[in-house]
2 protein chains.
Amino acid sequence: MATKNDGNTGRLQAELKKRRPFESPHQEAVLNVLRTNDQFQNKFGRLFRHFGLTPSQYNVLRILRGVGKPMPCLDIASRMIQVVPAITGLIDRLEAQELVARDRCTEDRRVIFVTLTDKARKLLDQMDEPVMGLHRGLVGHLTQAELKELSRLLEKARERVESVEIPGDSPQTP
Amino acid sequence: MATKNDGNTGRLQAELKKRRPFESPHQEAVLNVLRTNDQFQNKFGRLFRHFGLTPSQYNVLRILRGVGKPMPCLDIASRMIQVVPAITGLIDRLEAQELVARDRCTEDRRVIFVTLTDKARKLLDQMDEPVMGLHRGLVGHLTQAELKELSRLLEKARERVESVEIPGDSPQTP
DNA sequence: TGCGGATAGTTTACATGTAAACAAATCGGC
DNA sequence: GCCGATTTGTTTACATGTAAACTATCCGCA
């Protein structure tokens with residue numbers, strides 16, 4: 001479809017009802033990522049809610065199933081995109097739903113292993129098909145080549161994230 | 001920091017691989033969008049924090065500046081990605097910082113116009129350069145062609161979002 | 001042995017995002 | 001003119017996400 005023109009006046013601009021074109025293709029690309037994410041997240045959030053889960057809760061369960069054995073809290077946190085302290089409450093609520101269990105490690109009493117319950121395993125199995133269906137529904141109209149290229153570009157976009165310095169920020173020296 | 005989606009998708013993909021040679025690039029693309037967004041959001045969040053703003057607050061101010069005149073709350077909400085009730089608190093805090101003002105419309109007393117203050121305008125002007133810098137920093141290593149293609153693919157990905165039905169959900173009739 | 005620092009989790013404080021219920025004001029039809 | 005539906009915004013309840021401070025443990029090393 002050659003309806004794309006040479007100017008960078010895209011759909012996002014129309015959606016946001018902006019009056020002026022984007023100041024740079026950089027900005028346009030970044031905002032496109034943010035907006036696409038929001039719309040995807042919204043759909044997944046609703047799907048998960050039908051199963052009584054929030055996106056974060058589903059994420060934790062998927063991570064635990066993927067690893068296949070109990071994990072310390074911080075290991076879970078490191079696989080989530082976000083940071084630590086939220087994990088506590090997250091695990092609390094999953095525990096209240098009997099989807100995970102906490103076991104304190106005997107060798108290192110600081111560590112608490114989080115274990116997936118059978119109930120959670122069944123729930124996840126039940127969700128697999130709808131989740132895959134939503135993935136296909138969201139991007140199934142892109143060609144295989146487009147999907148591959150999209151993934152490649154996003155991976156490339158993330159290559160520099162770690163080293164990007166925030167203007168006005170004092171550089172971190174970990 | 002894992003740059004590949006190895007962990008949380010591993011088992012499902014492995015299971016599917018056992019049965020089919022086909023691996024879903026749909027899932028990969030969707031997860032790439034989510035992960036890229038998280039990393040970008042994180043950077044912008046830190047930048048905004050240096051100026052005493054949250055991402056949502058900055059968004060509201062940008063929208064108000066873009067429109068150039070007072071806006072009703074719901075008009076602002078409709079341009080934000082998210083939904084209505086959060087706007088109230090958002091405006092509350094911006095008002096407390098004297099970055100916006102509320103004016104009740106005399107003709108339709110239900111409507112409350114939100115106005116940008118001079119203080120906010122100065123703050124935004126001050127932020128323009130760092131924000132653009134961060135945009136460039138995040139995706140500046142992609143070529144112009146890649147940026148255009150990335151935006152095109154993301155826009156195409158969003159084309160179907162509205163019509164995607166959530167598996168197990170009763171269809172929406174807004 | 002025992003201290004200082006590092007590590008694993010938790011708690012607290014605050015800003016969001018989502019859903020549901022609600023109040024105030026306006027509009028439409030009769 | 002009046003009643004009910006609609007529109008606009010707010011409130012309430014709950015789950016996150018972020019930062020900072022705190023607790024319990026463990027580890028290295030003198």
Side-chain angles (χ1 to χ4, degrees), chain A residues 34 37-50 52-60 70-78 80-97 99-100 102-114 169 172 174, chain B residues 34 37-60 70-78 80-97 99-100 102-114 166 169 172 174:
Chain A
L34 304 190
N37 171 81
D38 283 331
Q39 298 194 351
F40 284 7
Q41 287 278 15
N42 185 283
K43 293 292 178 180
F44 279 107
R46 286 195 218 169
L47 174 58
F48 295 151
R49 194 171 302 122
H50 288 303
L53 295 178
T54 66
S56 293
Q57 290 173 355
Y58 176 76
N59 243 308
V60 171
M71 291 178 78
C73 290
L74 290 196
D75 281 16
I76 295 174
S78 76
M80 306 272 295
I81 288 74
Q82 284 78 15
V83 218
V84 187
I87 293 291
T88 299
L90 207 48
I91 303 295
D92 283 348
R93 284 170 216 111
L94 286 172
E95 199 176 19
Q97 292 185 261
L99 295 174
V100 303
R102 277 183 167 102
D103 286 308
R104 191 171 287 272
C105 175
T106 52
E107 286 123 47
D108 186 341
R109 291 182 48 74
R110 290 171 306 180
V111 177
I112 292 180
F113 280 108
V114 181
D169 196 2
Q172 303 270 350
Chain B
L34 304 190
N37 171 81
D38 283 331
Q39 299 193 352
F40 284 7
Q41 286 279 14
N42 185 284
K43 293 293 179 181
F44 279 107
R46 286 195 219 166
L47 174 58
F48 296 151
R49 195 171 304 121
H50 287 302
F51 295 92
L53 295 178
T54 65
S56 292
Q57 289 172 356
Y58 177 76
N59 242 308
V60 170
M71 289 178 77
C73 290
L74 289 197
D75 280 17
I76 295 173
S78 75
M80 306 272 294
I81 287 70
Q82 284 77 14
V83 217
V84 186
I87 293 292
T88 300
L90 205 50
I91 302 296
D92 283 348
R93 285 171 216 108
L94 286 171
E95 197 176 20
Q97 290 184 263
L99 294 174
V100 303
R102 276 184 168 102
D103 285 308
R104 190 171 287 274
C105 174
T106 52
E107 286 123 44
D108 186 340
R109 291 181 49 73
R110 291 171 306 180
V111 177
I112 292 180
F113 280 108
V114 180
I166 296 170
D169 196 3
Q172 314 213 356

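As a basis for the values below, the full set of heavy atoms in this structure was taken, side chains included, without hydrogen atoms, waters or symmetry mates.
The CD1-P distance, from A:Ile91 to C:dA8, rounds to 15 Å in whole Å. Rounded to whole angstrom, the span from the CD1 atom of A:Ile112 across to the P atom of C:dA8 amounts to 12 Å. Separating the CZ atom of A:Arg109 from the P atom of C:dG9 is a distance of 13 Å, rounded to the nearest angstrom. In this structure, B:Asn42 atom CG and D:dT18 atom P are separated by 6 Å, rounded to whole Å. Put simply, CD on B:Glu107 is 14 Å from C1' on C:dA25, counting in whole angstrom units. What separates CD1 of A:Ile76 from C1' of C:dG9 is a distance of 12 Å, to the nearest Å. Per the geometry, CD1 belonging to A:Ile87 stands 11 Å off P belonging to D:dT18, to the nearest Å. Computed from coordinates, the A:Arg104 CZ to C:dA8 P distance equals 13 Å when rounded to whole Å.
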Restricting to nitrogen or oxygen on both sides, can you table the protein-nucleotides 3-7 of chain C pairs closer than 3.5 Å?
unit_1: C:dT7; atom_1: O4'; unit_2: A:Arg110; atom_2: NH1; d: 3.3
unit_1: C:dT7; atom_1: O2; unit_2: A:Arg110; atom_2: NH1; d: 3.0

Below 3.5 Å is the cut-off: list the nitrogen or oxygen pairs between protein and nucleotides 12-16 of chain D, distance only.
unit_1: D:dT16; atom_1: OP1; unit_2: A:Thr54; atom_2: OG1; d: 2.1
unit_1: D:dT16; atom_1: OP2; unit_2: A:Gln57; atom_2: NE2; d: 3.2
unit_1: D:dT16; atom_1: OP2; unit_2: A:Arg93; atom_2: NH1; d: 2.8
unit_1: D:dT16; atom_1: O3'; unit_2: A:Ser56; atom_2: OG; d: 3.2

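B:Arg102 meets the side chain to side chain contact (heavy atoms under 4.5 Å, CB included) test with B:Thr88, B:Ile91, B:Asp92, B:Glu95, B:Ile112; sequence neighbours excluded. A:Arg109 meets the side chain to side chain contact (heavy atoms under 4.5 Å, CB included) test with A:Arg104; sequence neighbours excluded. For A:Asp75, the side chain to side chain contact (heavy atoms under 4.5 Å, CB included) partners two or more places apart in sequence, or in a different chain, are A:Met71, A:Pro72. Applying the ring-ring contact (aromatic ring centres under 6.0 Å, His included) rule to B:Tyr58 yields the partners B:Phe48; only residues at least two apart in sequence or on another chain are considered.
Judged by closest nucleotide on DNA chain C, A:Asp75 is the one of A:Asp75 and B:Thr106 placed further toward the 5' end.
Nearest heavy atom pair, residue A:Pro55 against residue A:Gly45, reads CG-CA, 3.9 Å.
Note that CZ of A:Arg110 and CG of A:Leu74 are 10.0 Å apart. Values are rounded to the nearest 0.5 Å. Considering CZ of B:Arg93 and OG1 of B:Thr54, their distance stands at 8.0 Å, rounded to 0.5 Å. Of the inter-residue distances, the one linking A:Leu47 atom CG with A:Asn42 atom CG reads 11.5 Å to the nearest 0.5 angstrom.
At the phosphate of C:dT18, neither OP1 nor OP2 sits under 4.0 Å from any side-chain N or O atom of A:Arg49.
Counting only heavy atoms from C-beta on, B:Arg102 has its side chain closest to D:dT10 among D:dT25, C:dG9, D:dT10. Of the candidates C:dG9, C:dT18, D:dG9, C:dG9 carries the atom nearest the A:Cys73 side chain, counting heavy atoms from C-beta on.
A heavy-atom distance below 4.5 Å is not found between the side chains of A:Gln57 and A:Leu99.
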